[in-house]
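For reference, the structure discussed in these notes is given below.
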Amino acid sequence: MFALIDCNNFYVSCERVFNPALNGKPVVVLSNNDGCFISRSEEAKALGLPMGGPAFKYRDLLRKHRVTVFSANFPLYGDMSSRVMTTLGALAPEIEVYSIDEAFLDMGGFRRLGTAEHAAHICRTVQRHTGIPVSIGIGPTKTLAKAASRLAKKNPRHRGVCMLSKPDEIQEALASLCIGDIWGIGKQWSKTLQSLNIHTALDLSRAPAQMVRQHLNTPGIRMQEELKGHSCLPLELVRPPKQSICTSRSFGRTVSAYEELQQAVATFAGTCAMKLRREGSLALTVTVFIHTSHFDGAARQCRGSGTAALNQPSQDSISIARAAERALASIWQPGYGYKKAGVAVSGFSPAMAGVTELSLFRNDRAEQEKRRQKLMQTMDAVNLRYGSGTLRLAAENTETWKPRQKQRSARCTTVWEEIVTVRV
DNA sequence: TCTGGGGTCCTAGGACCC
DNA sequence: TCTGGGGTCCTAGGACCC
């Protein structure tokens, strides 16, 4: 049996841990640039604030109902997430951290203790250790565990834990699950399936396999098998190394000057390089993209992306920023107000200590490479100790384009200066 | 005035190899 | 008139997830 542990309204719950006065009140957390709702308390959902809704369109409603609004505080959420995952790791033999607020557990060994009872114990323990409320779904496949967790959240009767094990329980649950609520079925496939007269998870589990393959390909077949109770998706105990890393932001205002875009792109490139070093990977290609706001119907639109290859696999901020600069130069067009830019690195190979892959044609660079590696190590060490951005490339600059962030709470678990006193 | 960010998998088609 | 078979790699685009 698999269990899916899902933190309730995770980002809002993190804010409430350090501000318990917000319990029972409507609270929302906004995306970067204070753009959209990305987490809502139950009270905020009841007011009709939709997931992904743009905050400025709901300004009156937010004010009228005195909704507490937070800018995103990802350092806090990331740290709270690792506390939840550490707690879960001690409560089951095997864990797959699926996302910032979800984990799958192997519940196979708890039959004698009572699987549902152990799940209830997990709920209580996570709440006590971290302050974060969780819901748990249990089923013979990951897809069914996901479905069960939906039911656990939707129906208070389950009190946070829903287990699907007997065939008739599963049938009943599948009949009540709309096609679009199945894990892996998005908007597009939902539409396709509806047109084929498949409306519930039960319909999909009983549809002819050939038809499913024709419209949904391999992932569809896997999904169908999982719904039938045949497990196709094992727990992934070790996170596979990333294949690409991307850093991108929307700007607080439109940016037209090339120099300002250059500064933004250099900043994103520096962050990508830092993430590469943390991941232990070397990249071979750097892609830069820029675009104007697709919501502004009146303005002239422009979007473009360009790729530059590195001479050799690298995780060096300077080389990656230079390549990003070349890529930007190849796509930038004057006369547009750009609203967003990003840098992505890909074509990875693992970085091995003491090993440098050299160019076939330029082998005089070994010494320079070594010095550059030491420089990056030093930069990372300084930034770890004194805060990120303490040491950075001169080309990096966030002043002109930085995103809006009006109401961020304290980074009280990751920055000493921002520790807060909590009255419970 | 104001609409997020970071990923994965799969397929199809083209270019290339022997 | 007639011209093989079996691969890989790369890219772009579309779907999905949180």
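Within every chain, numbering begins at 1; the chains are lettered A, B, ... in the order of the sequence lines, protein sequences first and strands thereafter.
If you check residues 25-52 of chain A against DNA chain C, you find no residue with a heavy atom closer than 4.0 Å. Residues from residues 253-271 of chain A with heavy atoms under 4.0 angstrom of DNA chain C: there are none. For the segment residues 200-222 of chain A, the set of residues with a heavy atom within less than 4.0 Å of an atom of DNA chain B comprises N217(A), T218(A), P219(A), R222(A), in numerical order. The stretch residues 58-91 of chain A does not touch DNA chain C, since none of its heavy atoms comes less than 4.0 Å from the strand. DNA chain B lies under 4.0 Å from no heavy atom of any residue of residues 179-186 of chain A. Taking every heavy atom of residues 130-149 of chain A and every atom of DNA chain B, no pair lies under 4.0 Å.
Minimum heavy-atom separation, K340(A) to S250(A): CD-OG, 3.8 Å. Smallest separation of non-hydrogen atoms from S41(A) and R16(A): CB-NH2, 3.4 Å. Across all their heavy atoms, T267(A) and Q263(A) have their closest contact at OG1-O, 2.6 Å. Residues A410(A) and N73(A) come closest through the heavy atom pair O-ND2, 3.0 Å.
Between F268(A) and W401(A), the ring planes lie perpendicular to each other; the angle is over 60°, past the 30° to 60° tilted range. In this pair, F104(A) and Y98(A) present their aromatic rings perpendicular. The plane angle is above 60°, beyond the 30 to 60° band.
Two rings, from Y58(A) and F37(A), have their centers less than 6.0 Å apart. Annotation: W183(A) is not in aromatic contact with F2(A) [ring centroid separation under 6.0 Å not met].
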Worked check of side-chain hydrogen bond (donor to acceptor under 3.5 Å, both in side chains) between N8(A) and S135(A): CA-CA 7 Å; N8(A) 301 343; S135(A) 302; 2.7 Å; yes
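Side-chain atoms of H121(A) and F110(A), non-hydrogen and from C-beta on, never get closer than 4.5 Å to each other. Counting heavy atoms from C-beta outward, E226(A) and K142(A) have side chains that approach closer than 4.5 Å. Looking at heavy atoms from C-beta onward, E15(A) lies out of side-chain contact with T68(A) at the 4.5 angstrom threshold.
For residues 268-278 of chain A, the salt bridge (charged side-chain N to carboxylate O under 4.0 Å, His left out) pairs, not counting sequence neighbours, are R277(A)-D380(A). Within the structure, no pair that satisfies the ring pair (Phe, Tyr, Trp, His ring centres under 6.0 Å) test touches residues 304-330 of chain A, not counting sequence neighbours.
No more than 12 heavy atoms of other residues, nucleotides or ligands sit less than 6.0 Å from atom CZ of R66(A). The number of heavy-atom neighbours closer than 6.0 Å to CZ of R83(A), taken from other residues, nucleotides and ligands shown, is above 12.
Checked against side-chain hydrogen bond (donor to acceptor under 3.5 Å, both in side chains), E325(A) has the following partners two or more places apart in sequence or in another chain: Y258(A), Q262(A). Listed by chain and residue number, nothing satisfies the side-chain hydrogen bond (donor to acceptor under 3.5 Å, both in side chains) test with T86(A) (two or more places apart in sequence, or in another chain).
Scanning DNA chain B 5' to 3' for nucleotides with an atom closer than 4.0 angstrom to a non-hydrogen atom of chain A gives a first and last hit of dT1(B) to dT11(B).
One finds a salt bridge joining K402(A) and E399(A) here, because a Lys/Arg side-chain nitrogen approaches an Asp/Glu carboxylate oxygen to under 4.0 Å. Using a cutoff of 4.0 Å between basic side-chain nitrogens and carboxylate oxygens, R372(A) and D316(A) are scored as salt-bridged.
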Strand DNA chain B as a dot-bracket string - pairs counted if Watson-Crick or G-U with both distances under 3.5 Å, | where the partner lies in another strand: ....||||||||||||||
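Using a 4.0 Å heavy-atom criterion, one finds that K339(A) contacts the sugar-phosphate atoms exclusively. Residue-level contact check: S293(A) touches neither bases nor backbone, having no heavy atom under 4.0 Å from any strand. At a threshold of 4.0 angstrom between heavy atoms, the contacts of K187(A) are confined to the sugar-phosphate backbone, with no base atom among them.
Between K340(A) and R404(A), it is R404(A) whose nearest contact on DNA chain B lies nearer the 5' terminus.
Here the CZ atom belonging to R206(A) is positioned 8.5 Å from the OG1 atom belonging to T200(A), to the nearest 0.5 angstrom. To the nearest 0.5 Å, the span separating CZ on R408(A) from CG on D34(A) amounts to 11.0 Å.
Between V286(A) and the options V345(A), T307(A), L328(A), V265(A), a side-chain contact (heavy atoms from CB on, under 4.5 Å) holds for only V345(A).
Going from the P atom of dC18(C) to that of dT3(B) covers 25 Å, rounded to whole Å.
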